[in-house]
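Written below as structure tokens is the structure these notes are about.
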Amino acid sequence: MSKTSAILLDIEGTTTPIDFVYKVLFPFARRNFPDFLRESGISAEIAALREEHRQDPDRPPAWDDTNEIDSALCYILWLMDRDRKSTALKSLQGMIWEQGYRSGELSSEIYPDVKPAMEKWKRLGLRIAIYSSGSVLAQKLLFGHTAEGDLTALIDAWFDTHVGAKREVSSYRRIAESLEAAPETILFVSDVTAELEAARLAGMRTALSIRPGNPPQVEAAGYDSITSFAAIEP
């Protein structure tokens, strides 16, 4: 087995409870979207959302160019209802969460084994990277506002859907190139077997994260699994 040079981590269901994402972060964004869209003057982000809408093949609600704010809000809620991994949506959510973290309304949750494991990996000279559908901004906010303190200094690289979708093999090849590491020296940990399969086809090693509340995964038996980062031996 090749020596591990980097550990690539998913967030939801891997470093962070799914309930925190779906019962805290998403409802917070949903509540604050109306005022945020009307008060923030985010024309570039609205334009990106409008372009995604234009190319959306799933017949979303109509977009009215004479009322872009309401059109954007309607499309955002439609995307959230379907848990779509929209790059524009994730960018906007990150901006809203930034306000929540700064005001103290939000404080992120991570599993208790995450920080000690990261500190151990850093002592071993490993690089740690995050790959999530959430924007890089959202990722940094989450790891920067934990009960254990700011963990961002432990993380060397951040990847979101700008590098590609998480179920596409090419995404993991791009990540390996960015990390300047051979794929077989990277361990990817996620709670979704479809993501693990894409990483494995790109040449990476994989581990299935099994945490309380994670949905059962098809063909989970075909993957090495962990219930704690303490079980990872690079």
Side-chain angles (χ1 to χ4, degrees), residues 4 6-29 80 82-85 90 93-94 97 100-101 106-122 124 126-136 138-152 154-161 165-167 171-172 175 186-200 204-234:
T4 303
I7 296 181
L8 179 64
L9 301 171
D10 172 47
I11 292 181
E12 179 186 311
T14 301
T15 67
T16 300
I18 284 178
D19 275 359
F20 175 69
V21 176
Y22 282 89
K23 295 183 179 180
V24 178
L25 289 182
F26 285 174
F28 183 89
M80 291 188 69
R82 288 153 182 80
D83 196 22
R84 289 271 294 273
K85 311 304 182 184
K90 297 302 181 181
Q93 285 175 328
W97 293 331
Y101 284 114
L106 290 175
S107 177
S108 58
E109 295 181 29
I110 61 168
Y111 295 113
D113 54 90
V114 171
K115 182 183 178 184
M118 285 185 168
E119 291 173 334
K120 174 185 174 182
W121 299 336
K122 295 301 287 184
L124 293 172
L126 303 180
R127 300 186 71 195
I128 300 171
I130 303 296
Y131 182 28
S132 172
S133 297
S135 67
V136 167
Q139 297 170 26
K140 291 182 176 180
L141 290 168
L142 188 147
F143 285 100
H145 296 83
T146 79
E148 290 77 15
D150 183 350
L151 306 186
T152 56
L154 295 171
I155 298 167
D156 300 285
W158 312 82
F159 301 98
D160 59 19
T161 53
K166 295 185 72 181
R167 300 187 183 199
S171 302
Y172 298 90
I175 288 172
I186 301 172
L187 173 65
F188 176 51
V189 187
S190 172
D191 64 318
V192 179
T193 55
E195 296 174 3
L196 296 177
E197 181 62 16
R200 188 157 69 177
M204 292 184 185
R205 294 160 49 206
T206 61
L208 175 63
S209 174
I210 299 178
R211 302 282 196 173
N214 286 7
Q217 293 295 298
V218 176
E219 299 179 355
Y223 297 87
D224 292 335
S225 63
I226 59 164
T227 58
S228 166
F229 281 7
I232 296 176
E233 295 293 337

- Message: I need the Asp191 CG to Thr14 OG1 distance, nearest 0.5 Å.
- Response: 4.5 Å
- Message: Hydrogens and angles aside, do Tyr131 and Asp160 bring a side-chain donor and acceptor to less than 3.5 Å of each other?
- Response: no
- State which residues pass salt bridge (charged side-chain N to carboxylate O under 4.0 Å, His left out) with Arg82; sequence neighbours excluded, sorted by chain then number. none
- Message: Just by distance, no angles: are the side chains of Thr16 and Glu109 close enough, under 3.5 Å, to form a donor-acceptor pair?
- Response: no
- Item | Quiz item: cation-pi between Arg205 and Phe188, 6.0 Å / 45° | no
- Query: Any side-chain heavy atom of Thr15 sitting closer than 4.5 Å to one from Phe143?
  - Reply: yes
- Message: Could you walk me through whether Ser132 and Gln139 satisfy the side-chain hydrogen bond (donor to acceptor under 3.5 Å, both in side chains) test, starting with their C-alpha distance in whole Å, then the side-chain angles of each, then the deciding distance to 0.1 Å, before giving a yes or no?
- Response: CA-CA 8 Å; Ser132 172; Gln139 297 170 26; 4.5 Å; no
- pair Ile130-Ile11: side-chain heavy atoms closer than 4.5 Å: yes
Per-pair distances, 0.1 Å, donor-acceptor, side chain in residues 223-232, under 3.5 Å, sequence neighbours excluded:
unit_1: Tyr223; atom_1: OH; unit_2: Glu197; atom_2: OE1; d: 2.8
unit_1: Ser228; atom_1: OG; unit_2: Ala230; atom_2: N; d: 3.1

- Query: With side chains defined as the heavy atoms from C-beta onward, is the minimum distance between Ile18 and Lys23 less than 4.5 Å?
  - Reply: no
- Message: Pair Ile155, Met118 - check side chain to side chain contact (heavy atoms under 4.5 Å, CB included), show working.
- Response: CA-CA 8 Å; Ile155 298 167; Met118 285 185 168; 4.1 Å; yes
- Task: Walk me through it: do Lys85 and Asp83 pass the test salt bridge (charged side-chain N to carboxylate O under 4.0 Å, His left out)?
- Result: CA-CA 6 Å; Lys85 311 304 182 184; Asp83 196 22; 3.4 Å; yes
- Taking all heavy atoms of Phe28 and all of Gly100, pick out the closest pair and write down the distance. CZ-CA, 3.5 Å
- Item | Spatial distance of atom OG (Ser133) from atom CZ (Arg84) [nearest 0.5 Å] | 12.5 Å
- Message: Do Phe26 and Val21 make a side-chain contact, defined as non-hydrogen atoms from C-beta onward lying under 4.5 Å apart?
- Response: yes
- So, the side chain of Ser108 versus the backbone of Leu142: is there a donor-acceptor pair under 3.5 Å, distance only? yes
- Task: Determine the minimum heavy-atom distance between Ala165 and Ser171, stating which atoms define it.
- Result: O-OG, 2.6 Å
- Message: Side chains of Ile7 and Pro234, heavy atoms from C-beta outward: is any pair under 4.5 Å?
- Response: yes
- Item | side chain to side chain contact (heavy atoms under 4.5 Å, CB included) evaluation trace for Asp10 with Val192 | CA-CA 9 Å; Asp10 172 47; Val192 179; 5.5 Å; no
- Task: Apply the test side chain to side chain contact (heavy atoms under 4.5 Å, CB included) to residues Arg127 and Lys122: give CA-CA distance (whole Å), side-chain angles for both, the deciding distance (0.1 Å), then the verdict.
- Result: CA-CA 7 Å; Arg127 300 186 71 195; Lys122 295 301 287 184; 5.6 Å; no
- Query: Which heavy-atom pair separates Ser209 from Gly13 by the least distance, and what is that distance?
  - Reply: OG-O, 2.9 Å
- Between Ser135 and Gly94 the two heavy atoms that sit nearest each other are OG-CA, 4.0 Å
- Message: With rounding to the nearest 0.5 angstrom, report the CD to CG distance, Glu12 to Asn214.
- Response: 8.5 Å
- In this structure, CG of Leu8 is separated from CG of Leu187 (nearest 0.5 Å) by 8.5 Å
- Item | Tyr172 and Arg200, any side-chain heavy atoms less than 4.5 Å apart | no
- Query: Less than 4.0 Å between a side-chain N and a carboxylate O, is that true for Lys120 and Asp113?
  - Reply: no
- Item | Distance-minimising heavy-atom pair for Tyr111 and Pro17 | OH-CA, 3.2 Å
- If only atom types and distance count, is the side chain of Thr193 paired as donor or acceptor with the main-chain N or O of Ala220 below 3.5 Å? no
- Item | Heavy-atom side-chain proximity of Leu154 to Trp121 below 4.5 angstrom | no
- Item | Which residues share a salt bridge (charged side-chain N to carboxylate O under 4.0 Å, His left out) with Glu148, sequence neighbours left out | none
- Query: When rounded to the nearest 0.5 angstrom, what distance separates CD in Glu195 from OG1 in Thr206?
  - Reply: 11.5 Å
- Task: Decide yes or no for Leu25 and Leu106: does some side-chain heavy atom of the first lie under 4.5 Å from some side-chain heavy atom of the second?
- Result: yes
- Query: So how far is it from Asp150 CG to Lys140 NZ, rounded to the nearest 0.5 Å?
  - Reply: 11.0 Å
